[in-house]
Structure formats: structure tokens, C-alpha cells
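Report on the structure given below.
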Amino acid sequence: MIKSVQFVNFRNLNRKYEFRERLNIVTGVNNGGKTNLLDGIRLAFSTIDGSYFRVNKSDFFDSNDSKPINIYVELEYNSIPSFNYEDENSKQRCGFRVRIRKTKSGYYVKELAHYNGNPIDRDIILDDVESIPNVYPVPLYRVEDLYTPGLSVGLASFLDSEEGYGEIKEKARESIKREISAKENKFKELTSSFANNLNIEVANPSISNEKLFIVDGDREHSANIGAGYRSIANMFLCTLDDKTNILLIDEIENHIHPSLLRSLIRKLDSIENLFVIATTHSPVVLNESKIESLIEISCGSLNNMDSETIRKLNTFLHPGRGELIISENIVLVEGYTEELIIKNYVVNNNKNWTVINVAGVMFEPYVRLAHLLNKKIIVISDDDRSNTKDGAPTKRFNSLKKLCDELSVTLVQVYNTLETELYKEGFLNGFDDLLKKKSETRDYMVAKSKRKTEIALKIIEDGVDLSNWRVIESIEDAFRGN
């Protein structure tokens, strides 16, 4: 549905964001603009469908309303036919621009045009109303979009008895239930993976303003449904309309257990005629999303890396490594023992560092991702020199060094392996029963078979002070003040 949105002078957003079909996940630091992105899209579409969205001075960049807000929305061709146009290269495109400016009298007005600025005939848009999508902001607690036209005054005062009023209400309720029966079945199918007994029910009609509620089985209201299930059900309620539905979800993980969250992400990405933009701070959500669907609010889409890097990230990213996307001061290590020791230092010294274990020696995709995101990053890697005949760092380490030099990323070279480094620096006194020589000709002390983790645990349990270890000092220097 939406291919891209470009903001000019809207709050703290002054850039273009590109989207993929169906599911898009937006992440970034607090106050970075994630909610502003959702609000900007609502503002743009409110100019078409007439829904309410109040514009304030604070909606302008730096609250400077002397310059207009411009929002450019590029759509899939022919998704809203009245917004189709030819670009300067005679290519068929579709999209619109919303311009918000301050009038001389102090009011803010919204002006609608084609994406290229040419005027749009609003009469044509009215004829094209079935193509205009519904835009639903989430969280919601109730959907009030079911309306019976006709009477707009209370019936009770015109009837002779309460029984007569009750009979009319029940007939109206039955009629509405018949009308929505197909959508009711669709709703039950969508929620069947999440709860056994969720359904939708019509409240007692007041004729002019019917309400659709979520119910648990045959209960009359939703008071006993947990917040997580209610959140999921509300999202699915917004998918039942026959038109294309745009779902704007702020913090999709709110109230939802990780296991349900994973299922929700997969289900939303499979529903026809649904376009979703959701913000998140959750590594679980990031892990369930392909790199192609992720958007970092400060730098845009993450899919402009080479295909091999994207393939590796899509294959090996998990919640622990997904933290890289939402963290600031990142320490990449290659093994479990390094992760244990440095995390222990982080906790004991109250450091705002995120230690991420890349598992083995696959640093490259994570280094490239962190660099793309402009993260503060430091890489800690063994040079494995005892594995070479001449005692020089391995080709694997040299390739990593070349990459880090190319991207201006700090790389800390650990002498041979973690335990060799710590022994050489004098931190493993009293650990002799856990160590052995790797080579008869060089003093490479390494862990005995299956004792590597035991060394890390002993360092932690014995309270070995690593504050003057050169690796820790290098991290301290890189993240000074954090």
C-alpha cells in the first residue's frame, strides 16, 4: 500500500522512510520520533478521509510555524486511482502530498495535492472513496465504527412500554449479528491461535450508535479478558473491513507475552489487504522480523546492506543479538566466557554497555549492521596465534581487522585466547588446575578440556578485579562517561 513517506518540518522528522508490503517494524531510542512517524501518517490520511487530527504549533519542526509542513506519501500504483499520475519520465506513479500552513488569521490549513504538487480534484476523490484505506491507530479499547443510519433520537420516550423497547433492541441486535456473521467467523479464525474462546459481540443497541465489543465466550463484556488478549483482539478487529486497512501500532509488545508476540507478528504478516507499521523496543519483535522489514527511526530502512550480510542476519539474529539494534554502547565478543566476564563487570560497575555474543567468529554482519546504525561499538576478538606456525594472528583475525579499519570501528586484539590473555596479564594466579600449555615451544596457556566456562565462573565468584585489564580499559575509553 504505502511505498514511502517523506516528512519536511514535521516535529523532529525531516527524512524519507521506505516500507515493504504488509509488516514494517520501526525501532529507535526514546524521543527519536517513532510515534511521530505514526502520527504523521495519520495526519496525511486524515486530509483525505476527513477524520479528526488537530494540528498545533508543536507539530512544526522546532515549533516554527512560519515554514509549512509537507508530507509526501508514495503509494503502490493504482492503490488509490485518483492519486495516479505520470512523473517527469512518463512513468506511472501514485501518491499525494499534504501541506499544512499557517494562515494570516492564525489558523492551520491542510492542502492536498498529487505527489508531484499538481492539484487534485476532490470530486474525483469522493467518487474513489472505496479505494481509500481505513487507518486505525492502536492501542484501541473499543471499535465504534458500526453505525445504523436513520433515527438519531432516543426511542424509549416514543414507546408505550419497556418491553416494547427491549423487543426493538433485541431485533436490532439480531439483525446486526446476521450482518456481521461472516466477519465474526473471520475474527474467531484470526484469534484461534491466541485464545480458545474470543469472539465479538454487539452491545445493546441505542439505534444511532452501535458498539462492537470483544467478549470471552458468552460473557457480556470484556472486563475479564487480559490486557494482552484484548490488545491482540483489538488489532484483529481492525482487519475485518473489506477495504485495505492500515494499522499503526505504537509499541506492539505492550501487555503481550513473548510467545504470543511471536505468533502475532507472523499472523499480521500473513493477512491480505493489511498494511502494518508498528513501533517497538523489544528484541523479541526484532528477532521475528526480517531485516528488510526493519526501520531505524534515525537512519531509515536497514535493507541497504549487501545481500550476504542480510542473509546472515536473517538467519542468525536472535533476541540476544537483536539487542544490537536497540542499544547504544555495544561490546561485541565472540564467545560465552567473554560475555560472562564482561557482563559481570558491567553489572558490578553500573555501566550502560550492552555485551553481545556473536557466537564463534561471525563478527562481520553484526559489525556492518552496527556501523549502518551509527552505534558506538567496540569489538573484542582473540587473535588465535597459537593456531599458526609462525605465531602470527590468523587470517580470520586479519580479515576482521581489515573490516574494522575500513569502517573505523575499534578492535581490541586479545592475545591468543581469553585465558591466554588473562594468564599473561597476571589475572589467573591460582588457576593452574584449570590450565594447560597449548604448545611446548611457546608459553600459550589455554583452558583444559571443557574447563573454559569454569575459569570464567571462578573469576566471577572469586571477585577478581579486572578494572586494570587492558581490554576493560579500552572499553572504558571508547564509552567514556557511560
Side-chain angles (χ1 to χ4, degrees), residues 27-32 251 253 257-258 261 280-287 316-363 366-367 369-370 373-382 404 409-415 417-431 434-435 447 450-482:
T27 187
V29 298
N30 287 333
N31 211 34
E251 298 192 21
E253 65 271 20
H257 187 276
L261 192 55
T280 190
H281 293 284
S282 168
V284 174
V285 175
L286 299 176
N287 178 54
F316 298 107
L317 201 67
H318 62 57
R321 292 174 207 142
E323 277 196 82
L324 182 152
I325 298 173
I326 52 177
S327 301
E328 287 306 299
N329 305 304
I330 299 162
V331 183
L332 289 184
V333 298
E334 64 184 279
Y336 183 55
T337 51
E338 290 91 337
E339 180 185 5
L340 280 175
I341 290 171
I342 298 177
K343 275 189 173 179
N344 182 67
Y345 181 87
V346 167
V347 171
N348 289 341
N349 294 274
N350 194 28
K351 298 295 181 180
N352 182 25
W353 307 345
T354 300
V355 184
I356 295 174
N357 178 1
V358 303
V361 293
M362 197 175 60
F363 279 102
Y366 305 104
V367 171
L369 178 59
L373 296 171
N374 298 314
K375 301 290 187 179
K376 291 181 180 178
I377 175 176
I378 187 166
V379 177
I380 314 297
S381 176
D382 301 346
C404 291
V409 170
T410 300
L411 169 64
V412 177
Q413 179 175 345
V414 173
Y415 184 81
T417 65
L418 174 68
E419 61 272 25
T420 306
E421 163 82 22
L422 291 172
Y423 178 82
K424 179 174 174 288
E425 296 293 318
F427 293 104
L428 297 187
N429 295 326
F431 285 61
L434 302 175
L435 297 167
K450 300 181 181 179
R451 309 298 291 275
K452 195 177 183 80
T453 301
E454 195 174 338
I455 291 173
L457 293 175
K458 184 173 173 57
I459 288 172
I460 293 169
E461 290 167 358
D462 289 359
V464 176
D465 182 9
L466 297 177
S467 58
N468 61 343
W469 179 27
R470 66 183 186 87
V471 172
I472 293 294
E473 290 175 342
S474 296
I475 302 172
E476 291 277 14
D477 288 342
F479 303 145
R480 184 63 60 194
N482 294 302

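In this chain, residues are counted from 1 in sequence order. Basis for what follows: all heavy atoms, side chains included, without hydrogens, waters or symmetry-related copies.
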Rounded distance [0.5 Å steps], CG in Asn329 versus CD1 in Ile475: 11.0 Å

Test side chain to side chain contact (heavy atoms under 4.5 Å, CB included) applied to Tyr366 and Ile356, step by step: CA-CA 10 Å; Tyr366 305 104; Ile356 295 174; 5.8 Å; no

For Tyr423, side chain to side chain donor-acceptor pair (under 3.5 Å) partners two or more places apart: none

Is the backbone of Val414 close enough, under 3.5 Å, to the side chain of Glu421 for a donor and an acceptor to pair up by distance? no

Could you give all pairs that pass the salt bridge (charged side-chain N to carboxylate O under 4.0 Å, His left out) test and reach residues 316-327, with sequence neighbours left out? none

By side chain to side chain donor-acceptor pair (under 3.5 Å), which residues pair with Ser381, not counting sequence neighbours? Glu334, Arg396

Spacing of Leu261 atom CG and Thr280 atom OG1 [to the nearest 0.5 Å]: 7.0 Å

Atom CG in Leu418, atom CD1 in Ile455: separation rounded to 0.5 Å? 8.0 Å

All heavy atoms of Leu373 vs all of Ile325, minimum pair found to be CD1-CA, 3.9 Å

So if I apply the side chain to side chain contact (heavy atoms under 4.5 Å, CB included) rule between Leu466 and each of Leu422, Ile460, Asn344, which one comes out positive? Leu422

Counting only heavy atoms not in Asp462, do more than 12 fall under 6.0 Å of its CG? yes

Check Tyr415 against Arg470 and note the closest heavy-atom contact, atom names and distance. N-NH2, 3.8 Å

Determine the minimum heavy-atom distance between Arg451 and Ala447, stating which atoms define it. C-CB, 4.2 Å

Does the ring of Phe431 carry Lys458 above it, NZ/CZ under 6.0 angstrom from centre and within 45° of its axis? yes

Report the C-alpha distance between Thr354 and Val346 in whole Å, list the side-chain angles of each, state the deciding distance to 0.1 Å, and finish with yes or no for side chain to side chain contact (heavy atoms under 4.5 Å, CB included). CA-CA 8 Å; Thr354 300; Val346 167; over 6 Å; no

Supply the atom-to-atom distance Leu457 CG to Thr337 OG1, rounded to the nearest 0.5 angstrom. 10.0 Å

So which heavy atom on Ile330 is nearest to which on Phe479, and how close? O-CZ, 3.4 Å

CD1 of Ile380 to CG of Asn357, rounded to nearest 0.5 Å, is 12.5 Å

Compare every heavy atom of Ala456 with every heavy atom of Leu340, then report the nearest pair and how far apart it is. CD1-CB, 4.3 Å

Apply side chain to side chain contact (heavy atoms under 4.5 Å, CB included) to Ile326 and list each qualifying residue two or more places apart in sequence or on a separate chain. Thr27, Pro283, Leu286

Name all residues meeting the side chain to side chain donor-acceptor pair (under 3.5 Å) criterion together with Asp477; count only those two or more places apart in sequence or in a different chain, and write none if there are none. Arg480

Does any N or O in the side chain of Lys375 come within less than 3.5 Å of the main-chain N or O of Ser327, such that one atom is a donor and the other an acceptor? yes

Can you tell me which residue among Ile378, Ile377, Val412 is in a side chain to side chain contact (heavy atoms under 4.5 Å, CB included) with Val331? Ile378

Taking Ser467's backbone N and O only, do any of them form a donor-acceptor pair with Asp465's side chain (distance below 3.5 Å, no angle check)? yes

For Trp353, which of Lys376, Lys343, Glu476, Glu328 qualifies under side chain to side chain contact (heavy atoms under 4.5 Å, CB included)? Glu476

Measuring from Leu434:CG to Thr453:OG1, what's the distance to the nearest 0.5 Å? 11.0 Å

Would you name the heavy atoms of Phe427 and Val464 that are closest together and state the gap between them? O-CG1, 4.0 Å

Residues in side chain to side chain donor-acceptor pair (under 3.5 Å) contact with Asn30, at least two apart in sequence or another chain: His281

